A.B. asks: 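Before I ask anything, let me first share the structure, which is written out below as structure tokens.
All values below were derived from every heavy atom in this structure, side-chain atoms included, with hydrogens, water molecules and symmetry-related copies excluded. What you are looking at is a predicted structure, and each value in this text was computed from that prediction instead of being measured.
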Amino acid sequence: MALEKGEDSEPCLFYAAIDFGTTHTGYAFIERDKLSSASFIQVDQRWLGGQNINIKAPTACLFNKDKAFVSFGYEAQNHYNQLAFAEKECDWYYFKNFKMLLHHNKKLTTESHVEETNGKTMLALDVFKESIKYIADLVMEKIEEAYGKKVHAERIDWVITVPAIWNDSAKQFMREASVAAGIPNKKLKIALEPEAAAIFCKNQSVIETTDIQVFNPGEKYIVVDMGGGTVDTAVHCVTNQGKLHEEHAAHGGPWGGKRINDLFEKNIEQVVGEKFLRFFKTQHRHEWIQLEDTFEGKKREFLNKEGLITLIPISSKFRESYANTKTKRLHETFENLYHGKFCFDENKDTIVISREKMQDYFDFILNHIKDHIDILLKAVPGVKSILLVGGLADSKVVSNSIKSTYSNLRVIVPKDAAFAILRGALIYRWNSDIILNRISPYTYGVDAMERFNPKRHPKEKIVEVNGRQMVKDTFQKHIVKGQNFSVGEKSKGRHYTLNVHQGVVRVVWNIFRSDSFDPVFCSECDHIGSMYVDIWKKDKPWRFFVTMHCVGTELQTVVKDADTGKELVKCKVDFLVNETELSSDFISE
């Protein structure tokens with residue numbers, strides 16, 4: 001996918017979307033001239049090693065002992081299972097569910113590492129890059145099969161979906177990994193998953209056997225995107241022009257379907273102990289993978305019907321290994337802890353989970369999701385509908401529970417809820433102006449010195465600068481938490497002066513965010529990135545004007561010379577750095 005000079009400016013022939021999920025990954029594409037009808041969107045998931053074109057591939061990636069990429073998806077999963085069966089997997093690098101690194105790691109950089117299933121690590125950027133490259137190559141291969149024409153990456157307008165609750169560093173990380181994979185930067189947009197789903201459902205008939213539009217002008221609705229790793233939400237109102245107006249900042253948490261699997265594993269650990277479970281997962285990797293896959297299938301099938309139990313067969317090696325290290329029999333330990341709700345049948349080497357216990361797993365995430373919906377309903381009066389999308393929305397236990405709790409609202413589960421995001425992402429890539437505004441979830445600003453204010457600053461913070469009483473480490477506010485601004489609209493901006501030192505050609509300026517509406521000092525805030533500003537006025541103090549704004553789904557900063565109004569093109573914002581040395585030479589006017 002290497003590009004030649006000038007190729008990134010060639011007109012697009014296709015639109016392609018990648019939904020890179022925590023547990024599963026999908027893709028979709030459409031010819032540019034066919035986007036007027038979503039029926040032409042190609043969402044068949046024809047993955048190497050997969051058996052069903054309607055099922056996304058597992059987000060799994062395999063590298064050999066030399067850290068060279070081998071395979072992704074079903075192919076990676078099947079290959080690794082064979083290695084584990086032959087007990088030859090130890091030197092290989094197998095990554096699964098690794099996207100959650102971008103949610104949990106608050107200090108994400110290009111040097112961050114990700115841990116594979118056996119505890120070894122690799123550079124996270126390499127793992128994401130190779131995974132995205134595999135998917136992008138597959139998309140171009142499927143376009144050639146479907147349309148009979150070979151298309152290169154620069155002739156496709158790409159979009160990658162991300163959770164709405166991701167921070168700026170995670171979005172930049174996905175962009176940099178995609179560009180490293182060969183997707184041209186100018187051809188790539190980042191779409192928020194709940195927004196993409198809402199865009200598709202607003203434009204299509206998604207209620208089976210009806211032709212009505214889901215959302216009418218003036219209607220407010222909540223989108224709940226329930227994926228494998230995260231659940232995040234958006235609240236929109238449809239305008240008379242058919243566009244979407246954001247009513248509440250995107251929010252959510254790590255309450256996706258994987259949490260159910262984690263709870264199941266935690267219960268096993270409570271029975272056998274952390275040390276034994278780690279031993280079994282390491283020494284009998286194949287058997288543990290079989291257990292994980294079996295539970296995943298049972299989770300998807302669970303219906304919470306009276307009298308039904310969930311049976312999870314497990315290798316006899318589990319019982320035998322436990323007997324060699326413990327004095328109690330395995331079924332006794334299960335019984336002592338869970339009193340019949342979570343049992344072990346020694347005769348059949350099977351874990352038996354009661355209907356109530358299985359429902360408890362689902363209730364754990366459902367309680368979080370409902371608590372969050374309640375907050376949104378209280379914050380935004382007049383909501384009439386709830387739209388459930390993402391893979392977890394296909395669970396009858398989940399959707400029926402939410403329908404029951406919110407029976408006074410219209411709860412909609414689109415056909416193929418797991419693919420609504422992909423379809424909507426393509427529409428967004430074609431027409432991102434459909435989203436009118438966004439509401440900031442945080443207060444954003446930069447660090448600088450400002451004049452001492454006795455009502456705002458403690459006296460011990462005073463420093464003398466050119467005969468004036470100044471205060472360092474002050475937070476200069478540009479965007480306020482809850483601020484409603486049109487996409488592309490710049491903040492009001494602030495003037496600053498920089499005292500340029502001899503020989504300095506570039507300065508680093510830190511960007512911070514806060515949950516507070518009016519933070520005073522940067523030391524009370526979270527450092528999220530840095531601006532790199534090239535100095536071009538070297539003979540005197542330099543006055544300039546700074547604004548922040550949202551370009552699509554990504555935060556950008558613009559610096560202009562205060563005297564000429566000239567925009568400085570050599571101002572790079574990097575959210576993948578951890579430098580927090582305060583920029584004492586910047587003075588707020």
Side-chain angles (χ1 to χ4, degrees), residues 161-166 191-207 212-227 229-239 242-257 362 365-395 397-421 423-425 427-428 434-441 481-482 484 553:
T161 65
V162 301
I165 59 174
W166 267 14
L192 305 183
E193 289 162 2
E195 283 186 356
I199 290 169
F200 173 72
C201 294
K202 187 196 75 67
N203 284 275
Q204 302 299 320
S205 170
V206 296
I207 302 177
I212 66 171
Q213 290 286 315
V214 173
F215 305 123
N216 298 313
E219 183 174 355
K220 297 178 183 178
Y221 61 91
I222 298 172
V223 185
V224 185
D225 173 27
M226 301 182 290
T230 60
V231 171
D232 58 343
T233 59
V235 186
H236 291 143
C237 180
V238 182
T239 69
K243 296 191 176 185
L244 301 182
H245 185 278
E246 186 170 76
E247 299 289 316
H248 192 282
H251 200 26
W255 317 313
F362 281 85
I365 61 171
L366 279 166
N367 289 338
H368 282 290
I369 294 169
K370 291 175 185 178
D371 286 345
H372 185 60
I373 292 174
D374 289 342
I375 292 172
L376 296 177
L377 290 173
K378 185 176 181 179
V380 185
V383 169
K384 301 296 183 185
S385 304
I386 298 174
L387 174 64
L388 306 180
V389 297
L392 195 58
D394 287 327
S395 166
V397 172
V398 172
S399 59
N400 287 343
S401 178
I402 293 176
K403 287 178 180 179
S404 175
T405 300
Y406 303 101
S407 57
N408 59 320
L409 301 176
R410 183 170 59 148
V411 178
I412 304 164
V413 183
K415 293 177 289 186
D416 295 328
F419 292 101
I421 293 170
R423 292 186 170 103
I427 300 172
Y428 175 81
I434 195 170
I435 302 294
L436 281 178
N437 74 306
R438 288 197 171 85
I439 296 175
S440 177
K481 180 179 179 179
N484 189 331
T553 60

A.B. asks: For Ser401, what residues pass the side-chain hydrogen bond (donor to acceptor under 3.5 Å, both in side chains) criterion, not counting sequence neighbours?
C.D. replies: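 Expected list: Lys370.
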A.B. asks: Any sub-3.5 Å donor-acceptor pair from Lys220's side-chain atoms to Pro381's backbone N or O?
C.D. replies: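 Yes, because the side chain of Lys220 sits within donor-acceptor range (under 3.5 Å) of the backbone of Pro381.
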A.B. asks: Looking at Ile402, Thr405, Asp371, which hits side-chain contact (heavy atoms from CB on, under 4.5 Å) with Leu366?
C.D. replies: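 Option passing the side-chain contact (heavy atoms from CB on, under 4.5 Å) with Leu366: Ile402.
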A.B. asks: About how many Å separate CG of Leu388 and CE of Met226, when rounded to the nearest 0.5 Å?
C.D. replies: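 Going from CE on Met226 over to CG on Leu388, the span is 4.5 Å.
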A.B. asks: Could you measure the distance from the CD atom of Glu195 to the CD1 atom of Ile435? Nearest 0.5 Å is fine.
C.D. replies: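 Here the rounded value is 4.0 Å.
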A.B. asks: How long is the straight-line distance from OG1 of Thr233 back to CG of Leu376, given to the nearest 0.5 Å?
C.D. replies: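 These two atoms lie 4.5 Å from each other.
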A.B. asks: Is the shortest heavy-atom distance from the side chain of Cys201 to the side chain of Tyr221 under 4.5 Å?
C.D. replies: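 Not in contact.
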A.B. asks: Could you walk me through whether Ile412 and Ile386 pass side chain to side chain contact (heavy atoms under 4.5 Å, CB included), step by step?
C.D. replies: CA-CA 6 Å; Ile412 304 164; Ile386 298 174; over 6 Å; no
A.B. asks: Quick one, Asp374 and Tyr406 - any side-chain contact, counting heavy atoms below 4.5 Å?
C.D. replies: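 Yes - at least one pair of side-chain heavy atoms lies under 4.5 Å apart.
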A.B. asks: Would you say Val389 and Pro414 make side-chain contact, with heavy atoms under 4.5 Å?
C.D. replies: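 The answer is yes, as the side chains (C-beta and beyond) meet within the 4.5 Å cut-off.
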A.B. asks: Listed by chain and number, what are the side-chain hydrogen bond (donor to acceptor under 3.5 Å, both in side chains) partners of His251, not counting sequence neighbours?
C.D. replies: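 His251 satisfies side-chain hydrogen bond (donor to acceptor under 3.5 Å, both in side chains) with no other residue.
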A.B. asks: About how many Å separate CD1 of Ile439 and CD of Glu247, when rounded to the nearest 0.5 Å?
C.D. replies: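 It comes to 6.5 Å.
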A.B. asks: So do the side chains of His248 and Ile222 get within less than 4.5 Å of each other, counting heavy atoms only?
C.D. replies: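 Counting from C-beta outward, His248 and Ile222 never come under 4.5 Å.
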A.B. asks: Measure the shortest side-chain to side-chain distance between Ile365 and Val231 over non-hydrogen atoms and say whether it is less than 4.5 angstrom.
C.D. replies: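 They are not in contact (no side-chain heavy atoms under 4.5 Å apart), so the answer is no.
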A.B. asks: Side-chain contact test, heavy atoms from C-beta onward, threshold under 4.5 Å: evaluate it for His236 versus His245 and give yes or no.
C.D. replies: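 When only atoms from C-beta onward are counted, His245 and His236 do not touch, as no gap falls below 4.5 Å.
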A.B. asks: Please report the interatomic distance CG(Leu409) to OG(Ser385), rounded to the nearest 0.5 Å.
C.D. replies: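 Taking CG in Leu409 and OG in Ser385, the distance rounds to 7.5 Å.
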